[in-house]
Amino acid sequence: RLYQIPFGMPTCEEESEARTLYLIGDFSAPAEFFVTLGVFSFLYTMAALVLYLRFHSLYTENTKLPFTDFCVTVCFAFFWLVAAAAWGKGLSDVKAATRPSALIAAMAVCQGDGVVCNAGTTPAMGLANISVVR
């Protein structure tokens, strides 16, 4: 939800106050999908462990239960792959929206003749990149 993040933009005039610039974009859906799937996977794993350990005889006697367990596990694996791809796409969109050149291009003060704007630092995205690799 980048549109909720304001930051002050200088106006380069002595007596005027800084204007507020808001970023563009809402890339929260892929992250929410990823986290929701992770929570559901955890809950299913805990339920499966209870079934395996506490009700082992029910699991071995019923032939449909292991097949159902297998099908649910395959579905979770597929959705985990989809969620990881969606999270990777969401992260690349966040990187594109927050790269310094895009922010400088959005600042009206940097569009004047003879004005040179540059970024002080680039954002550190190392931990975000690692979260996609996991």
Side-chain angles (χ1 to χ4, degrees):
R1 297 184 180 102
L2 294 178
Y3 61 89
Q4 295 177 344
I5 309 296
F7 63 93
M9 178 179 64
T11 58
C12 295
E13 297 172 6
E14 291 187 25
E15 303 238 348
S16 64
E17 68 180 53
R19 294 189 312 182
T20 302
L21 179 68
Y22 289 90
L23 299 174
I24 297 171
D26 183 6
F27 309 108
S28 61
E32 290 170 353
F33 178 56
F34 187 77
V35 170
T36 302
L37 187 67
V39 169
F40 283 138
S41 296
F42 174 77
L43 293 175
Y44 177 73
T45 303
M46 291 298 108
L49 277 174
V50 168
L51 178 68
Y52 298 155
L53 298 176
R54 182 76 178 125
F55 303 104
H56 182 69
S57 60
L58 175 69
Y59 190 79
T60 55
E61 292 170 3
N62 190 343
T63 58
K64 292 185 180 186
L65 197 57
F67 182 71
T68 303
D69 180 37
F70 173 74
C71 291
V72 170
T73 303
V74 167
C75 288
F76 268 115
F78 173 73
F79 282 123
W80 192 261
L81 178 66
V82 171
W87 173 234
K89 173 68 170 121
L91 178 62
S92 68
D93 291 344
V94 167
K95 285 179 176 181
T98 59
R99 78 175 174 264
S101 61
L103 297 177
I104 289 172
M107 293 182 177
V109 71
C110 293
Q111 305 307 319
D113 291 333
V115 177
V116 177
C117 295
N118 59 14
T121 61
T122 58
M125 295 285 187
L127 293 176
N129 292 335
I130 290 172
S131 72
V132 173
V133 173
R134 287 184 173 181

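Residue numbers count from 1 along this sequence.
Shortest non-hydrogen contact noted between Thr63 and Pro66 is O-CD, 3.5 Å. Contact detail for Pro30 and Ala86: the closest heavy-atom pair is CB-O, 3.2 Å.
Residues satisfying the side-chain hydrogen bond (donor to acceptor under 3.5 Å, both in side chains) criterion with Asp69, sequence neighbours excluded, are Tyr44, Tyr52, Tyr59. Evaluation of the side-chain contact (heavy atoms from CB on, under 4.5 Å) rule for Thr36 yields Phe40 as partners, not counting sequence neighbours.
Taking CD of Glu61 as the start and CG of Leu58 as the end, the distance is 7.0 Å to the nearest 0.5 Å.
A continuous path of Ile, Leu, Val, Met, Phe, Trp and Tyr side chains, each step under 4.5 Å between heavy atoms, connects Val72 with Met46, placing both in one hydrophobic cluster. Both Leu43 and Phe33 are members of a single hydrophobic cluster when ILVMFWY side chains are connected at heavy-atom separations under 4.5 Å.
Between Phe34 and Trp87, the ring planes are parallel. Angles under 30° get that label, and only those over 60° would be called perpendicular.
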(request) Take Phe76 and Leu37, measure what side-chain contact (heavy atoms from CB on, under 4.5 Å) needs, and give me the verdict at the end. (result) CA-CA 8 Å; Phe76 268 115; Leu37 187 67; 3.9 Å; yes
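Cluster note: Phe70 groups with Val74 through ILVMFWY side-chain heavy atoms spaced under 4.5 Å, whether in direct contact or through intervening members.
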